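Below is one structure, written out as structure tokens; comments come after it.
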Amino acid sequence: MEINELKEELKRYLKEDRYKHSICVMEMSGRLAEHYRVNKQRVMKAALMHDMAKELPLDELKKYVINNEIYVSKMEMFVGVTLHGKVAADMCRKKYKFDKEMCRAISNHTTGKVRMSMLEKIVFIADKIDETRKYEGVENLRKLAFENINKAILQNIDNTILNNMKRGRPILEESIKTRNYILINEKK
Ligand SMILES: [Fe+2]
Ligand SMILES: [Fe+2]
């Protein structure tokens with residue numbers, strides 16, 4: 001399916017703000033794909049659809065995960081924040097025939113994952129630095145994403161972990177695993 005058709009599909013799932021975020025993540029992914037010489041179409045499609053399940057109620061996401069036998073850890077099921085990515089990936093594979101790498105990028109966009117490909121890394125970081133994001137330090141992170149994508153991902157995960165700690169929230173194992181993997185194997 002072409003990007004324009006996917007956009008029309010996405011509109012049925014998302015309210016205006018999140019639709020706009022999705023478009024901006026897609027555009028940022030396109031820029032990063034050019035910079036890092038990755039197939040632009042596939043990155044942009046995955047980026048566009050990454051949050052397609054985000055507005056489904058949590059109990060529906062849980063039901064979808066169970067009924068479609070998607071693997072998620074007990075902690076992820078309990079915390080809930082990553083489920084929309086898992087569900088979106090499954091929907092995109094079945095409805096739009098997205099390939100494995102595109103689906104992995106969607107599935108893991110919240111926490112990252114060990115051994116991410118460049119396509120997956122681009123979708124992950126584009127989601128955190130798109131033009132709709134307004135938090136402190138976002139401009140620096142945007143710059144860093146083009147200079148060293150691994151460092152940018154590390155910085156984002158560190159911030160997420162610290163924020164969760166400050167707020168007394170659980171920290172997902174996947175965030176820690178991703179951080180350690182990049183820190184030890186890929187940070188240059
Ligand atoms: Fe998301
Ligand atoms: Fe997002």
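Keep in mind the model is a prediction, meaning the values are calculated, not measured. Every number for a ligand or one of its atoms is a count from 1 in the order of the listing. Count residues from 1 along the sequence.
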Output field for angle at the Fe ion (ligand 2), His21.NE2 vs Asp127.OD1, rounded to 10°, should show 80°
Rounded to 10°, the OD1/Asp51 to the Fe ion (ligand 1) to NE2/His84 angle comes out at 90°
With Lys15 as the cation and Tyr19 as the aromatic partner, state whether NZ or CZ is under 6.0 Å from the six-membered ring centre and within 45° of the axis. no
Can Arg31 and Glu34 be counted as an ion pair, charged N to O under 4.0 angstrom? no
For Lys121 and Asn150, what are the C-alpha separation, side-chain angles and deciding distance, and is it a side-chain hydrogen bond (donor to acceptor under 3.5 Å, both in side chains)? CA-CA 8 Å; Lys121 286 177 181 178; Asn150 291 320; 2.7 Å; yes
Among Asn156, Asp158, Leu162, Asn163, which residue satisfies the side-chain contact (heavy atoms from CB on, under 4.5 Å) criterion with Thr160? Asn156
Strictly under 2.8 Å, is any N, O or S atom of His50 next to the Fe ion (ligand 1)? no
